[in-house]
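Reading through the C-alpha cells given below for one structure.
Excluded from the calculations below are hydrogen atoms, water molecules and symmetry mates; all remaining heavy atoms, backbone and side chain alike, are included. As the structure lists them, so they are numbered: ligands from 1, and atoms in each ligand from 1.
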Amino acid sequence: MHDIPLSCSLPVLLIFLYMTFRRLSSSRMKLPPGPRPVLFLGNALQIPSTSPQFTFTKWLEEYVFQQPMLVLNTLESARDLLHKRSSIYSDRPKFVLLDELMGWHNASTIVQYGPRFRRHRRFIQQTFNQVAINELRAIQEKQISYLLQDIIDKPEQTDDHLQRFSAGIIMKVTYGADVKSINDPLVQIAHRAELLTIESGTPSATLVDYIPALKYLPTWARKAALVKEAVDAMFNVPYEIVKSQMISGVVSPCMTSRLMATCSPAGVNSLSSEDEEDIKRVVGTMHAVFSQTQCVLSTFILAMVLHPQVFNKAQAEMNGVIAIDRLPNFEDRDSLPYLESVIKEVCRWNVPVPLGLPHRLMDDDVYRDYHIPKGTTVVSNYFSSEVQLPAILQNCSQPQLFRPERYLEDPHLLDPREVIFGFGRRRCPGRHFADRNVWLVAASLVCSTIIGKAKDDAGREITPEARFLDGFVRHPAEFPYSIKFRPEKMSALSNWNDALET
Ligand code: HEM
C-alpha cells in the first residue's frame with residue numbers, strides 16, 4: 001500500500017487516510033495510499049484539531065491515498081467527485097462533537113442528505129437565491145450608512161463596526177431585528193455560541209469524531225455541555241421572540257415570519273413541531289455562517305494595510321468612476337475591474353474556510369482506478385499557505401505573493417469565488433449574498449476612507465504581521481491599522497442617506 005511512488009500521486013493529488021483494516025481486505029481494487037494508521041485509532045491522532053490543512057498537505061509529500069478520509073487537492077478532482085457525482089457525494093459525516101454533544105443537530109450545514117436537507121435548501125433559497133437577494137439591497141445599503149457613520153465617529157473601533165455591520169444585516173434579514181451595537185443581546189448570544197464552538201476545533205477533525213465513545217468521558221461532556229447551552233440559546237431565543245410577535249400581530253417582515261406563515265397559514269400556534277424545528281435550525285444556521293463574511297472583510301483590510309500600492313490603485317480607479325458627491329452601488333460593479341481583482345486575490349490569499357465542510361460518500365465509487373468505499377469523508381483542501389505544495393487555490397504563479405493584477409493579466413485564471421463556497425449540492429447557498437456584502441463594503445471603504453498603517457508613540461509606521469487564527473474559519477489575528485473617513489466624501493454620505501429615505 002505504501003510503495004506506490006509519489007509521482008503517481010501528484011496527478012491525482014489526493015490523500016487518503018484509512019481508519020479500518022476491514023475495508024482494505026474486502027476490496028480487490030487498490031485504495032489510494034496515505035499515512036500509516038495506528039491500530040484502532042487509525043489516523044485520528046495524526047489529524048490536529050486546529051489548521052488540519054497543513055497536515056493534509058504535508059502528507060501529500062509522502063503518500064498517495066488510502067481510506068476512509070479523502071482530501072482533494074486539485075480543482076479537477078473536486079469537480080469530478082463533489083460536483084459531477086454530487087448525487088453520491090452530498091451527505092455529511094456524522095459530527096459526534098457538533099451534532100450529538102454541542103446542540104448543532106439539524107443545523108443546515110450538517111443536516112444529513114435526504115428530505116430534511118432538501119427542505120432546508122428550499123427554505124434558504126427562498127430568501128437567498130440570486131433574484132431574491134435584490135430585495136435585501138435596502139437592508140445592505142442602510143447598514144453601509146451606519147458603518148461609515150461609525151467609522152467617522154470612532155475610527156479606532158472599526159473591527160467592532162464591521163462585526164456590527166455583519167450582525168446587523170443578518171439579524172434584520174432573519175429576525176427583523178434592528179441591531180444598534182455589537183453589545184445587542186441577540187448578537188452576543190450568537191457570538192458566544194460561535195466562539196465556543198470554534199474554540200472546540202475543526203468539525204470532523206477532533207478525536208471524539210473518530211472515537212465516539214470518548215463522549216462519555218467527563219472532560220468531553222463538561223466542555224460540550226457549556227457549548228450546548230450557548231448553541232441552544234442561539235437557536236431558540238430569537239425564534240421565540242419572533243413567534244410571540246407573530247402571536248401579538250406586530251412583527252417586522254423577516255425570514256422567520258415568512259417561513260412560519262408559509263408552513264402554517266392558519267397561524268403560528270398550528271406549526272408542527274417538525275416545522276418549528278426546521279425553521280429554527282435553518283434561520284439560526286445563518287448566524288453561524290455569517291462570520292465568514294466578517295473574515296473576508298478583515299482580510300481585505302489587512303491586505304490593504306500591507307499593500308498600500310494596491311489600495312492606492314483601487315482608490316484611483318474608484319475616483320475615476322465615482323463622482324466626489326456619491327458612493328458606489330451595485331450598478332457600478334462592472335466599471336471597477338481592479339477592485340474586483342483585489343477581492344478575488346483577498347479570497348485566494350486567505351480562504352475563509354480552508355477545508356470547506358466535509359462531504360460523505362453515500363455509495364462505493366471508483367475514481368481513476370482507485371476504489372473509494374462508501375462512508376468515506378471527503379474534504380477539499382482549498383489552500384495551504386505555509387507549505388508550498390499543491391492545493392486548489394495555490395495553482396497559479398508565485399502563489400505566495402498578493403498580486404491582484406494576476407487576474408487582469410490572465411482572464412482565464414480561476415476565480416477563487418468558484419471554489420471557496422464549496423462544490424455540488426452542498427455548495428454554499430448564501431454565496432451570492434455574501435459576495436454582494438463583501439463587494440459593497442470593500443467598494444465603500446475604498447471610495448470613502450484612507451486605510452493605512454497605524455503609528456507607534458514615536459510616530460513610526462507599524463507593519464502588522466499577516467497572522468491568522470486557527471479554527472474552522474481562518475480569521476486574521478488582531479492587527480493594528482489606521483482608517484480615516486475622507487472629509488471630501490461627507491456630501492456623498494449625506495446624499496446616500498437622503499436616497500435611503502426617499
Ligand atoms: C464569504 C462568506 C462565505 C463563505 C466563504 C462560505 C463558505 C461556505 C462553504 C465552504 C460551505 C460548505 C460547502 C460544501 O459543503 O461544499 C458553506 C456552506 C453553507 N453556507 Fe456559506 N459561506 C459564506 C457565507 C454564507 C452566508 C452569508 C450564508 C447565509 C446567508 C451561508 C450559508 C451557508 C449554508 C446554509 C451552508 C450549508 C449548506 C449545506 O450544507 O447544504 N454562507 N459555505
Side-chain angles (χ1 to χ4, degrees), residues 53 72 78-79 81-83 86 89-93 95 98-99 104 106-114 116-130 132-133 136 139-140 162 165-167 169-174 190 194 202-204 254-255 278 281-300 343-344 346-348 350-360 377-383 392-393 416-442 472-475:
Q53 70 270 23
L72 307 174
R79 281 189 174 149
L81 300 182
L82 301 183
H83 180 67
S86 67
Y89 278 88
S90 293
D91 202 3
R92 294 280 189 223
F95 298 101
L98 285 181
D99 185 335
W104 286 96
N106 290 334
S108 307
T109 36
I110 63 173
V111 68
Q112 300 295 291
Y113 190 73
R116 179 162 244 156
F117 159 79
R118 281 188 282 278
R119 190 173 201 224
H120 280 212
R121 293 291 290 205
R122 231 182 14 256
F123 280 6
I124 297 168
Q125 290 297 344
Q126 278 169 21
T127 301
F128 293 107
N129 73 50
Q130 221 166 342
I133 54 172
L136 309 179
I139 295 176
Q140 293 169 299
L162 284 171
F165 169 86
S166 301
I169 287 194
I170 205 63
M171 286 290 176
K172 187 72 184 167
V173 172
T174 50
E194 188 205 359
T202 300
S204 219
C254 61
M255 188 177 179
D278 284 335
R281 297 279 152 183
V282 167
V283 180
T285 303
M286 301 299 113
H287 293 267
V289 289
F290 220 78
S291 79
Q292 295 157 20
T293 307
Q294 171 79 23
C295 170
V296 180
L297 296 176
S298 309
T299 307
F300 170 79
I343 294 171
K344 287 182 194 172
V346 164
C347 292
R348 189 193 67 81
N350 178 42
V351 178
V353 190
L355 290 175
L357 280 172
H359 292 221
R360 180 182 166 278
T377 294
V378 185
V379 170
S380 316
N381 184 14
Y382 301 146
F383 170 81
I392 292 173
L393 282 173
R417 294 167 300 188
E418 294 289 311
V419 170
I420 63 164
F421 293 108
F423 296 93
R425 295 183 191 179
R426 301 294 307 222
R427 196 170 179 207
C428 174
R431 63 191 181 279
H432 302 299
F433 189 53
D435 173 58
R436 275 164 74 97
N437 284 326
V438 167
W439 185 86
L440 195 58
V441 173
F472 166 59
V473 181
R474 197 165 181 260
H475 291 279

Donor-acceptor contact below 3.5 Å, side chain Arg92 vs main chain Tyr113 = no

Looking at Arg425, His359, Arg426, which hits side-chain hydrogen bond (donor to acceptor under 3.5 Å, both in side chains) with Ser86?
-> Arg425

If you measure from CG on Leu81 to CG on Leu72, what distance do you get to the nearest 0.5 Å?
-> 5.5 Å

Would you check if there is a donor-acceptor pair between the side chains of His120 and Asp278 at a distance under 3.5 Å?
-> yes

Could you tell me which residues satisfy ring pair (Phe, Tyr, Trp, His ring centres under 6.0 Å) with Phe123, sequence neighbours excluded, listed by chain and number?
-> none

Protein neighbours of ligand 1 with a heavy atom under 4.0 Å, given by chain and number, are Arg92, Ser108, Thr109, Phe117, Arg121, Ile124, Phe128, Met286, Val289, Phe290, Gln292, Thr293, Val296, Pro352, Gly356, Leu357, His359, Ile420, Phe421, Gly422, Phe423, Arg426, Cys428, Pro429, Gly430, Ala434

For Gln125, does the CD atom sit with more than 12 other heavy atoms under 6.0 Å from it, leaving out its own atoms?
-> yes

